[in-house]
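Encoded as structure tokens, the structure appears first; notes follow it.
From a predicted model like this one, the values you see are computed outputs, not experimental measurements. Residue numbers begin at 1 in each chain, while the letters A, B, ... track the order of the sequences.
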Number of protein chains: 4
Amino acid sequence: MEVAFRPSHADATYQAKYGIQASSGGGRASARETIGRVAAGAIAKQLLAKAHGTEVLAWVRRIHTIEADIDPASVSLEAIERTIVRCPDPEVAEQMIARIEAIGREGDSCGGVIECLVRRPPVGLGMPVFDKLEADLAKALMSLPATKGFEIGSGFGGTLLMGSEHNDAFLPSEDGRLRTATNNSGGIQGGISNGEVIQLKVAFKPTATIRKAQATITASGAATTLAAKGRHDPCVLPRAVPMVEAMVALVLADHLLRQQAQCSLW
Amino acid sequence: MEVAFRPSHADATYQAKYGIQASSGGGRASARETIGRVAAGAIAKQLLAKAHGTEVLAWVRRIHTIEADIDPASVSLEAIERTIVRCPDPEVAEQMIARIEAIGREGDSCGGVIECLVRRPPVGLGMPVFDKLEADLAKALMSLPATKGFEIGSGFGGTLLMGSEHNDAFLPSEDGRLRTATNNSGGIQGGISNGEVIQLKVAFKPTATIRKAQATITASGAATTLAAKGRHDPCVLPRAVPMVEAMVALVLADHLLRQQAQCSLW
Amino acid sequence: MEVAFRPSHADATYQAKYGIQASSGGGRASARETIGRVAAGAIAKQLLAKAHGTEVLAWVRRIHTIEADIDPASVSLEAIERTIVRCPDPEVAEQMIARIEAIGREGDSCGGVIECLVRRPPVGLGMPVFDKLEADLAKALMSLPATKGFEIGSGFGGTLLMGSEHNDAFLPSEDGRLRTATNNSGGIQGGISNGEVIQLKVAFKPTATIRKAQATITASGAATTLAAKGRHDPCVLPRAVPMVEAMVALVLADHLLRQQAQCSLW
Amino acid sequence: MEVAFRPSHADATYQAKYGIQASSGGGRASARETIGRVAAGAIAKQLLAKAHGTEVLAWVRRIHTIEADIDPASVSLEAIERTIVRCPDPEVAEQMIARIEAIGREGDSCGGVIECLVRRPPVGLGMPVFDKLEADLAKALMSLPATKGFEIGSGFGGTLLMGSEHNDAFLPSEDGRLRTATNNSGGIQGGISNGEVIQLKVAFKPTATIRKAQATITASGAATTLAAKGRHDPCVLPRAVPMVEAMVALVLADHLLRQQAQCSLW
């Protein structure tokens, strides 16, 4: 029996590019691939913590239409890990879980937004032109499966402000440390970390694998329909939280080593 | 007289990283730096056009709160270049120009969103894991000055859909060419182009340089205020359109060469 | 008991760089590491053979003072693999084997020279400035353990000729194919393959591990003596032949892909 | 009139690869290209000197058959620069100059060997597997025009020694600094610098451009003869000395930054 391409999966593009595709499970396109990233990220986190006391935390900010507005100053790993949905607001978390279960029962799926912050980042990370810190973060996060968007600091919403509202005023300091009154920059200015909390958001699309029947084609182009069987996750976000943290930690660790090479010889 | 750090510029982070900063004009942080990208992008566009008839087009979709909903099927370079604001809808363009002028008169600035599409892209561009096509596009675009966000296909808005709404059904075809009924994927699935139009959006923050007085600090940390003098662009978007096209063309040309190396030996 | 650094091994430099070293067997400095290179090289050889009928052959040219002058036109894999020492001249091979055994009985070791040729290489491989083909070959081969020298074409001996003797006259051809009367260039001119046989030589030092007692120091700098126990190869060259072939094949395959990308779009 | 390919130049391979060639002067294949390397190398030398008191010195060791055996311990920049041929032994230098002039008068050319040493190199530079320090040095030097061979430490000559003669015994030290009784390793063991003087040699072929008539072909393959006119250097070695120093300094500076990144975070 001829294979049917699963809509919005990598099946068809892999077939077009390589002439083959994984017969099951998505092969390299499976999110299982990220296990190596998460393992490496765990080491990067330790390196960042030891070198600068840096902490990387991510959580689920929105599931479908249910959004939690989390205070970056008080969010903790403990609060994030308290619920299975990895949203640190317990009431919103409950609503998210209910929504995911309801959508799953219909054989459908949903997406959402993961937010991530970096506390006590080293100052000076990032390069001025092509390897800007936000550029490397964007690539790292958009290389995760199912991602559709990336925001640093104020993101798309910041484009509705005027310059006088958006600019982050520098606060006087006695130790020369940079501090800003607001943080629309998301901790990065001119491609380089300024020491404020790094803040970013990542959009994850609804899971492509659903039990509902969908129109698609076979490898030879003939029309068919397809409905996934078995257990499928109606929402990837809770499990993507550690992936986001890992990718952010890896980018920061890379740039920390580059900074060490470039700016600490004497 | 001691230099004052311009808020939300690269002055302070350059000083922190390098111990120096450009005394005027922003140095490497100036958007003047992108002239080399635009020049290289012009060659990349010719290469893409000659090899595959590929066309890259960008335009201003939103200025501050004024948005144009452009039909990707009919937008043309001619329509984009007809107005100075590079928005192909002439009525909306007029409102955008008026808004920019009004904000400029107040000594303030504004941002917005640039949209970009790629017609007739080669199928198969992109790598399955780290160098996914959308990842390299995200890095390229987030390396442009003043960018705060990136979206491919449905972007953040797509996270409000359910899987059954978001998935792009494959259409039957006689020539084996992939075609989808919708294009929430933005022309990329599993990190690899599927031949549909590639669609992306980029958020640009309001220009950091404004004539209005702002609170800031000197290099030694003392409080001061700063107001830019002279002519300053209250909105960078119209001039960022060619930069966006250039970066997209460069990423596609790179991946076209990689595809040629990897998948065309025999 | 404190570890003694083995002379001319990686023990001491690993300790200095990393603060640790493999407690036995040399760790990453062991030639066992090359198994991955040889495996990858086997695939590269198949790719080169399929794409261009290219053949990569290496053999032992010299062991200690015993040298074989092999005719590149007639050497074959079969002749190379006929003896355990991988020298295609059976009489010289016998002498080599006797020399290695004699030196081994004394608890000592010896080195020598491996020669390699590439038949029917693609024309045009290599970049004009930094990634010249001979430069990448040199790096690849000098990254093998125990290598001390690299020659392309005429090598060090060619420096004793005058220009009129060394230059390779081009021969008239009807098909436009480049052919030269001599091949002092070793198949590469201006960093780029000209289609003639690529010829190179690699020097391998005598095995550092010997059973004879040697003066050395412990990790804390105290004088001691060291004599290896157990079975140790008194000569690495026969087993380095597949490593040389593998590295050459990998470099050529890489450059074939780059050539395909750069010069075959239309 | 159709262009004739200059024997052993890049003309023919550039034509084969790119379909064009520089109409005069060799284009990118000209040694003029190395001016950027020498300029960058001058900065790398300052960085190495400031960071570690490292000194890089190269000189002409052999011209055609005339060889100078220079004591690495006493050679100085002043002695090297005293003669136009950049050989620090004044008597041998005179013979070299006479040889070059005699060969030049015949319309012919000659090659030779440049030797280079690095005093007080940082310990620990180099990577254990692919980016071994000698591998990166080999690539850097074999990317210079006209190079045919590279040796680190004992080089090809070292293959005539037995292991017990070749191994560098470690000397007792009170400060833990590595020191060896001999230096056949050329300052690098296991791909990593051990702090002893780094020593290497590079073979340069006789200049390809000569006034003597040579057999060659035109771009369409027809037989012709060619004799260079005008002033041509009958020997490139004296002018290649700064190129060798520059490439060595650049490789060491790169590895110093990598070492700083990898081994100095805490």
Within 6.0 Å of CZ in A:R28, more than 12 heavy atoms from elsewhere
yes

Can you see whether [X] engages [Y] through a side-chain donor-acceptor pair at a distance of less than 3.5 angstrom?
{"X": "A:H64", "Y": "B:T159", "result": "no"}
{"X": "B:H232", "Y": "B:T207", "result": "no"}
{"X": "B:R6", "Y": "B:T216", "result": "no"}

Keeping the roles fixed (side chain from B:S193, backbone from B:L125), state whether a donor-acceptor pair exists under 3.5 Å.
yes

Could you walk me through whether B:N167 and A:Q214 pass the side chain to side chain contact (heavy atoms under 4.5 Å, CB included) test, one step at a time?
CA-CA 9 Å; B:N167 280 353; A:Q214 302 173 85; 2.6 Å; yes

Please determine, among [options], the option with the most heavy-atom pairs under 4.5 Å with chain A.
{"options": "B:E174, B:K212, B:R62", "result": "B:R62"}
{"options": "B:G158, B:A208, B:G153", "result": "B:A208"}
{"options": "B:G190, B:G112, B:G111", "result": "B:G112"}

I'd like to know which of [options] tops the heavy-atom pair count under 4.5 Å against chain B.
{"options": "A:M162, A:E134, A:E106", "answer": "A:M162"}
{"options": "A:P7, A:C235, A:A169", "answer": "A:P7"}
{"options": "A:T13, A:L141, A:T65", "answer": "A:T13"}
{"options": "A:T34, A:L161, A:V123", "answer": "A:L161"}
{"options": "A:D168, A:L137, A:N194", "answer": "A:D168"}
{"options": "A:G126, A:A140, A:P234", "answer": "A:G126"}

Tell me, for A:L171 versus chain B, whether the close heavy atoms (under 4.5 Å) come from the side chain, the backbone, both or neither.
backbone

Strictly less than 4.5 Å between heavy atoms, which residues of residues 258-266 of chain A line up against chain B? Please order them by number.
A:Q259, A:Q262, A:C263

Per-residue contacts, residues 217-224 of chain A versus chain B, heavy atoms under 4.5 Å:
A:I217, A:S220, A:G221, A:A223

Taking the side chain as every heavy atom from C-beta outward, state whether [X] and [Y] have any atom pair closer than 4.5 Å.
{"X": "B:D11", "Y": "B:Q15", "answer": "no"}
{"X": "A:S8", "Y": "A:K205", "answer": "yes"}
{"X": "B:K132", "Y": "B:M127", "answer": "no"}

Going by the side-chain contact (heavy atoms from CB on, under 4.5 Å) test, name the single residue among A:V113, A:I63, A:V244 that passes it with A:F204.
A:V244

Closest contact, heavy atoms only, B:T180 versus B:T182:
OG1-O, 2.6 Å

Salt bridge check: are B:E151 and A:K148 linked by an N-O gap of less than 4.0 Å?
no

Are the charged groups of B:R211 and B:D108 less than 4.0 angstrom apart, N to O?
no

Using the rule given for side chain to side chain contact (heavy atoms under 4.5 Å, CB included), can you reason through A:D136 versus B:K139, listing the C-alpha separation, both sets of side-chain angles and the distance that settles it, and then say yes or no?
CA-CA 6 Å; A:D136 276 354; B:K139 173 167 181 177; 2.7 Å; yes

